[in-house]
Amino acid sequence: MTPMEVTSSTYDPQAVEAKWQARWAEQGTYQIDNDDPRPPYYVLCMYPYPSGPAHQGHVRNYTFGDLLVRYWTMHGCGVLSPIGFDSFGLPAENAAIRTGTHPRVFTAARIEELKASLRGMGAVYDWRREIRSHDPEFMKWNQFIFQRFLEAGLAYRKKAPVNWCPGCQTVLANEQVLPDGTCDRSGDLVVKRDLEQWFFRITAYADELLEALDDLQWPERVKTMQRNWIGRSEGAEFELKVVGSGDGPAARTIRVFTTRPDTSFGMTFVVLAPEHPLVAQITTGDHQGEVEAFVERVRGETDIERQSTESDLAKRGVFTGAYAINPFNGASVPIYLADYVLMTYGTGAIMAVPGQDQRDWEFALAYNLPIIRTVQPPPDWTGEAYTGDGPTINSAWLSGIPDVRTAKIAAIDWLEAQGIGERKVNYRLRDWLVSRQRFWGCPIPVVYCPVHNIVPVPESQLPVLAPDDVEFRPTGESPLRYHAGFLNTTCPICGGPAERETDTMDTFVDSSWYFLRFCDPWEADAPVNPDAAEHWMPVDQYIGGIEHAILHLLYARFYTRALADLGLVPKHLREPFKRLFTQGMIRMGGSKMSKSKGNLIAPSKYYDTVGADSLRLFHLFVGPPNEDFDWTEQTDDVIEGCHRFLARVWRLSSGTADRLNIVDRAPRPSDVEVGKGAHRLIDRVTRDYQRWSYNTAVAAFMEFVNQLYRYAQTDEGARADTLAFAVDTLLTLMAPMVPHITAELWELRHGEGSSVHDQAWPVADPELLKVDTETMVVQVNGKVRDRLTVAADIGEDEAVGLALESPKVQDQLAGRGVKRVIARPPKLVNVVV
RNA sequence: GCCCGGGUGGUGGAAUGGUAGACACGGUGGACUCAAAAUCCAUUGCUCGCAAGGGCGUGCGGGUUCGAAUCCCGCCUCGGGCACCA
């Protein structure tokens with residue numbers, strides 16, 4: 001069949017898109033079974049929080065995902081393409097407080113809206129595998145995993161400060177606290193409250209999580225952010241005796257952590273965190289009042305006040321009256337307290353070396369303490385503390401070592417030999433606080449028995465579900481707290497009266513393993529079917545926003561390792577996401593497009609006019625997918641342009657374009673050229689797909705279509721078979737990007753039952769990629785002076801000869817001798833004079 | 001302060017040491033039309049010139065190279081991450 005014989009009305013995106021969306025859904029085209037014989041490929045977009053209809057960020061994200069599902073299917077893979085909804089979270093609960101609607105009802109409505117707009121963009125999924133975080137089945141396994149963590153010591157409970165917003169009367173997640181320490185909703189200053197909280201011991205995996213980053217095919221930017229977050233620092237920990245606290249084992253000692261043990265001879269004071277347990281014991285009588293007042297004041301400060309660099313250093317510390325002995329030189333140094341020393345990092349105590357640390361320098365100036373340099377600064381040094389490399393000085397036996405690295409090793413060796421210290425690695429990473437004082441989350445499945453303390457709810461009683469008859473009030477505590485029927489229970493061990501935990505888990509817990517459940521969401525006996533995980537995991541391509549670079553992506557890596565170590569997924573599965581792609585944000589008026597900012601542009605507007613394919617094409621064409629995009633007044637024009645292009649493809653492929661001159665004949669040079677053009681297109685576009693350069697692939701399609709129009713509208717005309725091949729190649733290559741229009745045109749050209757999405761990805765014939773002639777650039781001293789058309793296999797001598805004969809080159813050479821000629825045939829000759 | 005990215009026409013962006021500005025949007029001129037829309041064609045970095053043809057151009061200043069948007073050094077600037085972490 002040639003395009004000439006196809007008749008079709010004009011491009012009607014709504015009709016075409018409705019038809020194919022219905023067909024993919026009815027035929028389950030992209031459902032996949034776990035025993036599918038094709039090579040497995042797992043494509044996953046971060047499952048969305050259901051906030052209502054999709055916004056442009058979703059469209060962009062799910063366009064990339066859908067494109068890959070279709071692309072890998074055409075490469076002969078059995079592609080797993082699941083989707084679900086991150087359906088727990090604060091907005092649904094706030095809506096409940098506002099309107100009285102149950103979060104489940106509210107959420108269900110939002111999910112339906114989001115589903116409809118995802119279907120409307122033509123994204124295909126195995127909907128049988130859909131997971132929603134609030135599904136009782138998913139909650140059951142979520143709670144099951146919590147209890148395995150509890151058994152393994154990976155979940156534990158301790159008192160910790162949480163973020164409390166006085167305006168909202170509620171506890172906030174860290175993510176909801178803005179960098180300036182205010183609530184992202186009310187703008188109130190967030191304060192700390194001490195509460196008993198559940199934690200996951202992610203720090204047990206700190207080292208592994210850090211080291212394994214090196215081998216991941218992730219954006220460097222994301223890896224760097226995770227490295228910063230984990231924050232490994234190497235150094236030494238050692239003890240200092242407190243002066244006057246006796247000798248031998250009875251002596252009080254202070255342990256300090258330092259990354260610069262080589263500078264220990266320069267220690268002129270010691271600083272403890274105000275919360276340090278030794279404070280009360282070492283403070284001398286004459287300083288007691290001052291110290292107690294200081295500790296009391298710091299306790300009342302918010303984190304923001306405490307970590308502010310603005311405030312006056314002279315008010316941030318206090319002398320305890322006590323002294324410690326520097327083990328390196330036996331010197332007595334005063335012990336201070338300062339609010340900037342944190343009990344949560346290292347040992348909560350530091351040795352201060354003002355000569356090599358700027359903050360210590362400033363503190364020393366404020367309190368009139370001595371400064372000793374132990375590293376020789378360069379001769380031109382004019383700064384204060386010197387943190388660079390150099391030879392050790394003023395350090396007795398450690399003096400004269402030429403560099404810091406060697407000096408550190410010598411210092412640590414000495415500490416270890418003395419038995420008072422050792423090499424030590426510290427991390428900035430803290431354990432993951434998972435308790436949330438919220439209703440719309442997964443309940444933490446434990447009860448508190450006066451006799452047996454913390455008792456896990458038996459597996460047979462899982463999932464622990466929240467009751468529906470609760471009252472939503474802005475009290476800052478979960479409504480579960482006031483529901484006697486839920487709160488009061490019996491101890492699973494002794495049967496005596498007990499109370500349930502009323503906190504729920506952070507919603508990041510749900511997203512830490514949902515991708516494992518997708519492998520076999522029907523598994524009834526375990527959270528994850530190990531065989532299915534073996535088959536599909538790790539995710540071959542994960543796609544999502546850069547905003548999840550740290551939290552979600554770090555938690556998911558921790559979970560995968562923990563589940564592997566607990567035997568719940570295959571032992572060797574350490575990393576969940578083999579390749580990660582982080583798409584850029586869509587901004588409008590300088591800020592991220594989001595519902596809360598009220599600057600959403602709904603995709604449905606475009607579905608109803610230019611169609612989903614045009615909108616998808618726009619998102620692919622507008623720029624590199626990893627870069628941010630600014631949505632402006634001009635954006636609609638670009639979307640319109642994408643639609644014009646698709647309409648042009650329609651008219652060409654359906655044979656309805658004006659002035660088409662299609663003939664039957666033996667191939668002529670113009671036909672051969674178009675045939676080669678199709679092969680060059682295959683080559684170029686395939687490479688673009690592989691390097692995520694969709695904007696240049698779309699440009700290649702546009703160029704090719706322009707070429708085909710010129711070819712088919714001349715008097716010489718287009719050879720029917722050649723044009724048919726060119727158009728079919730074009731439709732095949734475009735299919736992953738614009739699935740509806742290509743499917744429709746393919747069916748129009750090849751008859752009912754033939755699908756472009758079932759075609760194998762075309763392969764370019766290397767013979768046909770060769771060209772006969774090239775444009776050779778002739779430069780004089782690196783400046784372009786002429787362009788010559790030469791044979792592609794031109795030799796160096798001939799190329800140089802042609803270049804020197806060029807009149808334009810001759811003009812430039814006038815009177816000047818040629819010093820040298822660089823020839824890179826057939827592309828370039830550079831004449832140096 | 002430390003660590004990552006960026007900076008190219010009026011606009012979005014191409015160009016992985018070798019023709020700067022592909023492709024598109026917008027603009028200008030034209031064809032078709034009673035007219036408009038749609039469609040099609042031409043043109044469009046800046047600048048000097050009637051033209052032919054020059055000159056200048058990838059944030060700024062240096063360097064490496066026959067040749068630099070691309071590599072190196074030093075700045076400026078925008079965006080992001082971490083930030084009293086010892």
Side-chain angles (χ1 to χ4, degrees), chain A residues 10 179 219-229 231-233 235 237 256-260 271 273 306-309 311 313 316 338-342 344-353 356-360 362-363 387 426-430 546-547 549-550 585 587 590 618 621-624 626-630 632-642 644-645 647-648 651 657-659 691 693 695-706 709 713 775-787 808 811 819-824 827-833:
Chain A
T10 53
E220 273 312 313
R221 185 172 163 211
V222 175
K223 294 208 256 185
T224 304
M225 282 164 73
Q226 291 214 349
R227 284 190 192 104
N228 286 345
W229 189 261
R232 179 189 162 99
S233 46
E237 204 174 285
V256 295
F257 171 71
T258 178
T259 55
R260 293 295 302 274
V271 191
R306 184 159 174 186
Q307 302 200 350
S308 162
T309 46
S311 57
L313 256 182
R316 303 188 58 192
D339 62 356
Y340 63 77
V341 176
L342 309 175
T344 48
Y345 185 79
T347 59
I350 61 168
M351 69 170 202
V353 185
Q356 267 73 232
D357 182 283
Q358 187 59 29
R359 191 196 46 211
D360 291 347
E362 286 159 19
F363 194 90
T387 55
N426 262 321
Y427 297 92
R428 210 191 67 94
L429 184 70
R430 301 285 189 278
I546 187 78
E547 66 273 20
I550 295 171
M585 287 189 312
R587 287 182 312 223
F618 155 76
F621 180 58
V622 76
N626 58 327
E627 282 175 24
D628 289 353
F629 171 74
D630 281 304
T632 67
E633 322 78 64
Q634 294 175 34
T635 301
D636 274 356
D637 286 334
V638 180
I639 297 172
E640 196 62 48
C642 289
R644 276 202 294 274
F645 168 69
R648 236 164 110 73
R651 291 192 300 270
D658 290 339
R659 305 195 324 273
R691 64 188 182 115
S693 182
N695 53 335
T696 54
V698 174
F701 292 142
M702 289 173 168
E703 275 178 67
F704 191 60
V705 168
N706 291 342
Y709 265 88
Q713 290 179 329
T775 301
M776 186 173 82
V777 172
V778 184
Q779 300 178 331
V780 177
N781 285 347
K783 274 187 185 281
V784 178
R785 295 300 174 182
D786 203 2
R787 295 181 174 90
K808 290 174 183 169
D811 283 355
K819 277 190 197 151
R820 196 178 159 190
V821 180
I822 314 288
R824 295 282 180 277
K827 289 284 194 187
L828 175 127
V829 171
N830 186 14
V831 182
V832 185
V833 297

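In this text, all values refer to a predicted model and were calculated from it rather than measured experimentally. Here is the naming used below: chain letters follow the sequence lines, and residue numbers restart at 1 for every chain.
- For G9(B), the base is syn relative to its sugar; the glycosidic angle is within 90° of 0.
- Each of A86(B), G13(B), C3(B) was ranked by its minimum atom distance to the side chain of T224(A); first place goes to C3(B).
- Between V831(A) and G623(A), the residue anchored nearer the 5' end of RNA chain B, judged by the nucleotide with its closest heavy atom, is G623(A).
- Across all strands shown, A51(B) remains unpaired; no Watson-Crick or G-U wobble contact has both distances below 3.5 Å.
- Qualifying side-chain hydrogen bond (donor to acceptor under 3.5 Å, both in side chains) partners for R359(A), counting only residues two or more places apart in sequence or in other chains: none.
- Using P as the reference atom, G74(B) and G81(B) are 26 Å apart when rounded to the nearest Å.
- In this structure, N781(A) places its CG atom 11 Å from P of A68(B), rounding to the nearest Å.
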K223(A) vs E220(A), side chain to side chain contact (heavy atoms under 4.5 Å, CB included): CA-CA, chis, key distance, verdict: CA-CA 5 Å; K223(A) 294 208 256 185; E220(A) 273 312 313; 3.4 Å; yes
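- The nucleotide A20(B) finds no pairing partner, because no Watson-Crick or G-U wobble arrangement with both distances shorter than 3.5 Å includes it.
- Put simply, R430(A) has no side-chain N or O that comes within less than 4.0 Å of OP1 or OP2 on C85(B).
- Atom NZ of K223(A) and atom P of G5(B) are 12 Å apart (whole Å).
- Judged by distance alone, the side chains of N830(A) and R824(A) never bring a donor and an acceptor atom under 3.5 Å apart.
- Distance L342(A) CG to A83(B) P: 11 Å, rounded to the nearest Å.
- A distance of about 23 Å separates the C1' atoms of G79(B) and G9(B), rounded to the whole Å.
- Here G5(B) presents its P atom at 20 Å from CD of E547(A), a figure rounded to the nearest Å.
- For F701(A) and F621(A), the ring centers sit 6.0 Å or farther from each other.
- Straight-line distance between the C1' atoms of U43(B) and A37(B): roughly 23 Å, to the nearest whole Å.
- Distance, D811(A) CG to G54(B) C1': 12 Å, rounded to whole Å.
- The CD atom of Q358(A) sits 4.5 Å away from the CD atom of E362(A) when rounded to the nearest 0.5 Å.
- In this structure, A38(B) forms no base pair with any nucleotide, since neither Watson-Crick nor G-U wobble geometry is met with both distances under 3.5 Å.
- Of all nucleotides present, only C73(B) satisfies the Watson-Crick or G-U wobble test against G61(B), with each distance under 3.5 Å.
- Looking at residues two or more places apart in sequence or on another chain, you find a side-chain hydrogen bond (donor to acceptor under 3.5 Å, both in side chains) between R227(A) and D214(A).
- With A86(B), C82(B), A14(B) as the candidates, the nucleotide lying closest to the side chain of N228(A) is C82(B).
- Going from the C1' atom of G26(B) to that of U11(B) covers 7 Å, rounded to whole Å.
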Pair M776(A)-V829(A), side chain to side chain contact (heavy atoms under 4.5 Å, CB included): steps then yes or no: CA-CA 7 Å; M776(A) 186 173 82; V829(A) 171; 3.9 Å; yes
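- Residue R651(A) places at least one side-chain N or O under 4.0 Å from the OP1 or OP2 atom of C40(B).
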Expected string for nucleotides 18-28 of chain B under the B/S/- scheme (protein heavy atoms, under 4.0 Å, primed atoms plus P, OP1, OP2 as sugar-phosphate) is BBS-BBSSS--
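- Residues forming a side-chain hydrogen bond (donor to acceptor under 3.5 Å, both in side chains) with T632(A) (at least two apart in sequence, or on another chain): none.
- Position along RNA chain B of the nearest nucleotide to M351(A) versus K783(A) favours K783(A) as the more 5'-ward residue.
- Rounded to an integer number of Å, the gap from R587(A) CZ to G80(B) P is 8 Å.
- Pairing for C56(B) is with G45(B), a Watson-Crick or G-U wobble pair whose two hydrogen-bonding atom distances lie under 3.5 Å.
- Whole-Å rounding puts the R659(A) CZ to U39(B) P distance at 14 Å.
- Taking atom C1' on both U28(B) and A20(B), the two are 24 Å apart, rounded to the nearest angstrom.
- Only the C1' atoms considered, U19(B) is 15 Å distant from G57(B), to the nearest whole Å.
- Partners of E640(A) under the side-chain hydrogen bond (donor to acceptor under 3.5 Å, both in side chains) rule, at least two apart in sequence or in another chain, do not exist in this structure.
- Under 4.0 angstrom from either OP1 or OP2 of C85(B) there lies at least one side-chain N or O belonging to R359(A).
- Backbone-only engagement by R785(A) is indicated by non-hydrogen atom pairs under 4.0 Å involving sugar-phosphate atoms exclusively.
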Contacts under 3.5 angstrom, residues 778-787 of chain A side chains, donor-acceptor by atom type, not counting sequence neighbours:
unit_1: N781(A); atom_1: OD1; unit_2: V833(A); atom_2: N; d: 3.0
unit_1: D786(A); atom_1: OD2; unit_2: S806(A); atom_2: OG; d: 2.7

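- Annotation: G17(B) and G7(B) have their P atoms spaced 16 Å apart (nearest Å).
- Using atom C1' as the reference point in both G53(B) and A69(B), the two lie 27 Å apart (nearest Å).
- The phosphate of C3(B) (OP1 or OP2) has no side-chain N or O of R221(A) nearer than 4.0 angstrom.
- The separation between I546(A) atom CD1 and G6(B) atom C1' is 14 Å, rounded to whole Å.
- Across all strands shown, C2(B) forms a Watson-Crick or G-U wobble pair with G81(B), both key distances being under 3.5 Å.
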